[in-house]
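The next block holds one structure in the form of structure tokens; read it before the comments.
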Number of protein chains: 2
Amino acid sequence: MTPAAPAAAGRALPHPARDEIRLEGVLHALSDPMRLRIVRELAADGGELTCSDFDLPVTKSTTTHHFRVLRESGVIRQTYRGTAKMNGLRDDDLDDLFPGLLDSLLAAAARQAARLGG
Amino acid sequence: MTPAAPAAAGRALPHPARDEIRLEGVLHALSDPMRLRIVRELAADGGELTCSDFDLPVTKSTTTHHFRVLRESGVIRQTYRGTAKMNGLRDDDLDDLFPGLLDSLLAAAARQAARLGG
DNA sequence: CGACTCATACGATAGGCATCGTAGTACGGG
DNA sequence: CCCGTACTACGATGCCTATCGTATGAGTCG
């Protein structure tokens, strides 16, 4: 049943333009513990990671959902590389829109992790 | 029907202790446009404002709800003064837990407001 | 006391969302 | 060509929440 809109189009992942990123959306994305954890790992790595590089205590479906929320809110950038999907922070765009915010958020998260985990 | 737990106890508003404030909770509280607006006005004023000082496009009930979410997440402090209820930012506690975060958030919100509104 | 104001509580409603399971699609290798 | 791996899509479910309207409590002032 070759559909009129081929599923192959799904390979093109929709990202919001830089001007369409909203602070509320970013904060909402980061207000979920699982997503905050993903972002922290991405920031710690500095480069790009595949979805399966994360060992999250949720199913694959839920992981996909969280990555989509992060992408649609403008926090991460996703690109395909073969079967894998690379995930990277959109720190350039975020720093341009909200200078210093991402660093402050990551610092706050690290501080809280140290306080609660240590 | 004088209840065993008198309603007068409602005069004591429950605030989370400083150590119980969670970054995720703060971000979630600020991810709502109405609440972000409230916090921005509170920061702009610098002092304490009553609930009715805000002219929000929602009903009184909803306003009360938002103030409670802000209080329970540790973002604001509420105290009674006669019939009025004064609201103030918990910037001291927040700065202690997450140094610089509140300023970054307010700066980001101001920047976005300038970008979209101007 | 009585009326008025400020804010809360409660019930209802509608929408959003985090989670899962299963089935399906794309890509690479034997 | 078939299979395995990586990710996605879809439907279901249960919870959370933003919103409202109305009724209630608490305090002030005539």
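Reminder, nothing fancy here: chain letters follow the sequence lines and each chain counts from 1.
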In whole angstroms, how far is the [atom2] atom of [N] from the [atom1] atom of [X]?
X      : N       : atom1 : atom2 : answer
Y80(A) : dT5(D)  : OH    : C1'   : 14 Å
F67(B) : dT17(D) : CZ    : C1'   : 18 Å
L13(B) : dC6(C)  : CG    : P     : 18 Å

- Message: With a 4.0 Å cutoff (strictly under), does any side-chain N or O of R81(A) reach OP1 or OP2 of dA6(D)?
- Response: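 No.
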- Can you give one letter per nucleotide of nucleotides 18-23 of chain C, 5' to 3': B if a protein heavy atom sits under 4.0 Å from the base, S if only from the sugar-phosphate, - if neither? SBBBB-
Provide the closest heavy-atom pair for [X] versus [Y] in the form atom of the first, atom of the second, distance.
X       : Y      : answer
I76(B)  : R90(B) : O-CD, 3.5 Å
T50(B)  : A84(B) : CG2-CB, 3.8 Å
L106(B) : A43(B) : CD1-CB, 3.6 Å

- Could you list all the salt bridge (charged side-chain N to carboxylate O under 4.0 Å, His left out) pairs where at least one residue sits in residues 56-79 of chain B, not counting sequence neighbours?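 Qualifying pairs, neighbours excluded: R77(B)-D92(B), R77(B)-D93(B).
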- Message: With ring pair (Phe, Tyr, Trp, His ring centres under 6.0 Å) as the rule and sequence neighbours excluded, what pairs involving residues 42-63 of chain A come up?
- Response: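 Qualifying pairs, neighbours excluded: F54(A)-F67(A).
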- Which residues within residues 42-56 of chain A lie with some heavy atom under 4.0 Å of an atom in DNA chain C?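 Output list: empty, so none.
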Side chains of residues 30-39 of chain B: which donor-acceptor partners sit under 3.5 Å, not counting sequence neighbours?
unit_1 : atom_1 : unit_2 : atom_2 : d
S31(B) : OG     : H28(B) : O      : 2.7
D32(B) : OD1    : M34(B) : N      : 2.9
D32(B) : OD1    : R35(B) : N      : 3.3
R35(B) : NE     : A29(B) : O      : 2.8
R35(B) : NH1    : H66(B) : ND1    : 3.1
R37(B) : NH2    : D55(B) : O      : 3.2

- Item | By salt bridge (charged side-chain N to carboxylate O under 4.0 Å, His left out) - contacts of D45(A) (at least two apart) |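 D45(A) satisfies salt bridge (charged side-chain N to carboxylate O under 4.0 Å, His left out) with no other residue.
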- Task: Check whether the side chains of T59(B) and T62(B) place a donor and an acceptor atom closer than 3.5 Å, and report yes or no.
- Result: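 Yes - a donor-acceptor pair under 3.5 Å links their side chains.
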